[in-house]
Amino acid sequence: MDKPRSAMHTWNASSQSSQAAARSEERRRVPWRSKKTPLMPFISVKYLQVVFKGTDQGGGVRKTHFHPPLHRQYVRTDIKHKSGAEGLQRGGGPVSRHRSVFIDEGVLDLNYVPPRLLHRDAELRFLNGLFRFVIEAPYEMSQRAVIFGGVGSGKTALAQRFGLNLKEEAGRRRVKAEYIHVNCRESRGSLFIVLQRVMRRLRPQFPDRGFSANELLDTLMRILDEDDLHLVLCLDEVDALIEKEGSDAIYNLSRVQEERLEGPRRLSLILIAKEPEAFKGLDRSTLSTLQRNVVRMPEYTVPQLADIVISRAEAAYRAGAISPGIVDFIGELAASENGDARYAIDLLWRAGKYADTAYSREVLPEHVRKAAASLFPALRPEEIRQLSRHEQFALLGIARHFRHSPEPHATTGEAETSYQVVCEEYGEKARGHTQFWKYLNRLKGTGAISTVLRASKKGRTQLISLPKVPAEDLERELIRIVDQG
Ligand SMILES: Nc1ncnc2c1ncn2[C@@H]1O[C@H](COP(=O)(O)OP(=O)(O)O)[C@@H](O)[C@H]1O
Ligand SMILES: [Mg+2]
């Protein structure tokens, strides 16, 4: 419990000293920025107009402060301050010469794998132990493991960190081992697409078409033989794969290895899902082999989240641009979202973007609040983008329905009618009832909607609700994404 505090103070002290060092370094390198040197030659005509008129009518620049450094302190009035997530884009800086609060925004990218995972030592050790044979005796066995945990509990980061470490160790010891991480939801739950992505990693020129999933699987094993390689394949969000392909996909992946009684072992699996329920569609024997090696990821606590946020902030932010108080605030907000580290890091990034948009030199509580208001933890814009177009239509229909409905629940029939109206609006043919059910299942799988079964006179009906997402915000976000195509 003490650890985050002390870590935070150390960090703060070093931030301040490095900030001072950065300032003096800047003065040394850029002498014309000293107060005595006139700024005139470096000021644009636009800026002069602003200074002399006081305000600018149409052009969009308004001066706010007369304190040095003069040339940085203005705000563009033609950029509306966005209250939602719109307008925030990864990469790129603010429009003026304002110095961004970030030094390396990439560290806050969703796909960034931190060099060190905090508070997951035991889990990483467990995985290392299970797969030690890959380094020591790669051809003698194959392994399967499962990682369970809520959103933002670090499942993906754990698996990827494990994979990178494994590859490094294999490289050092000259063992031929490979780790490939594939997200099944991004692969639309299709074993074929999953395997195609794997093939591309091993053989970048591998053709797109002409193979069935089973042929791809056989080809994969052949390539592993050819390369004399042991592959640890991680199937992230494997529930999407099971949802779409049933038991078969996992069964087939296990089978290819088990059928080779002779010869070296080539393929090990790591499966990632939110909860064990994802596996309930599997047959018993596949299930029992999976249940042996399970890593459960507990929710992060407030101090743990603060540690994670601090270490990421140190790498992403300019020294002094974010204070320990703000880091704590972000940790608290994320803890109230079930210890979701992804939410914490998203907040950390968005808060910085709002600080930049406001031309602030540091992140203020208001920027964090704005960031929090623009994020609905139950569903992220990135996740909406991963839905198919018709799944987006279905969700848009549901959002519209709830925006006008006084009831907290909708029937499947109501949702389907709204979906048909949306399709009509976008000039596309609505898909049939069976397909619509599949969309609902997928939306449920991503956490975009919740469903409950209610007994009624007609039998059991499924009722739909929107968890924690204001229908209006969801609608706005969806329209934006659908319009972008
Ligand atoms: N223990 C940790 N140390 C450092 N960063 C972490 C840790 N756990 C999660 N993160 C970061 O939090 C974000 C969400 O983690 P992720 O692994 O994507 O969660 P999940 O896959 O369980 O939803 C990622 O940016 C990840 O790098
Ligand atoms: Mg994940």
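Both counts, for ligands and for their atoms, begin at 1 and track the order of listing. As a basis for the values below, the full set of heavy atoms in this structure was taken, side chains included, without hydrogen atoms, waters or symmetry mates.
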| task | Please say which of Ile272, Leu191, Leu253 ends up in a side chain to side chain contact (heavy atoms under 4.5 Å, CB included) with Leu235. | result | Leu253

| task | Please say which of Phe436, Phe393, Trp437 ends up in a ring-ring contact (aromatic ring centres under 6.0 Å, His included) with Tyr419. | result | Phe436

| field | Positive for side-chain hydrogen bond (donor to acceptor under 3.5 Å, both in side chains) with Asn165, one of Arg161, Glu168, Lys167 | value | Arg161

| Ignoring water, what protein N, O or S atoms are under 2.8 Å from the Mg ion (ligand 2)? | Thr156 OG1

| message | Looking at Arg284, I want to see if its CZ is surrounded by more than 12 non-hydrogen atoms of other residues, nucleotides or ligands under 6.0 Å. | response | no

| field | Side-chain heavy atoms of Tyr300 within contact of Asp340, under 4.5 Å | value | no

| task | Please examine the side chains of Ser153 and Arg296, heavy atoms only from C-beta on, and report whether any two atoms are closer than 4.5 Å. | result | no

| field | Over 12 non-hydrogen atoms of neighbours within 6.0 angstrom of NZ in Lys274 | value | yes

| Ile250 and Phe279, any side-chain heavy atoms less than 4.5 Å apart | no

| message | I'd like the contact residues of ligand 1, where contact means a heavy atom below 4.0 Å. | response | Tyr112, Pro114, Leu117, Leu118, Arg120, Gly150, Val151, Gly152, Ser153, Gly154, Lys155, Thr156, Ala157, Tyr300, Ile308, Arg312, Ala341, Arg342, Ile345

| query | Does a donor on one side chain and an acceptor on the other come within less than 3.5 Å for His367 and Ser360? | reply | no

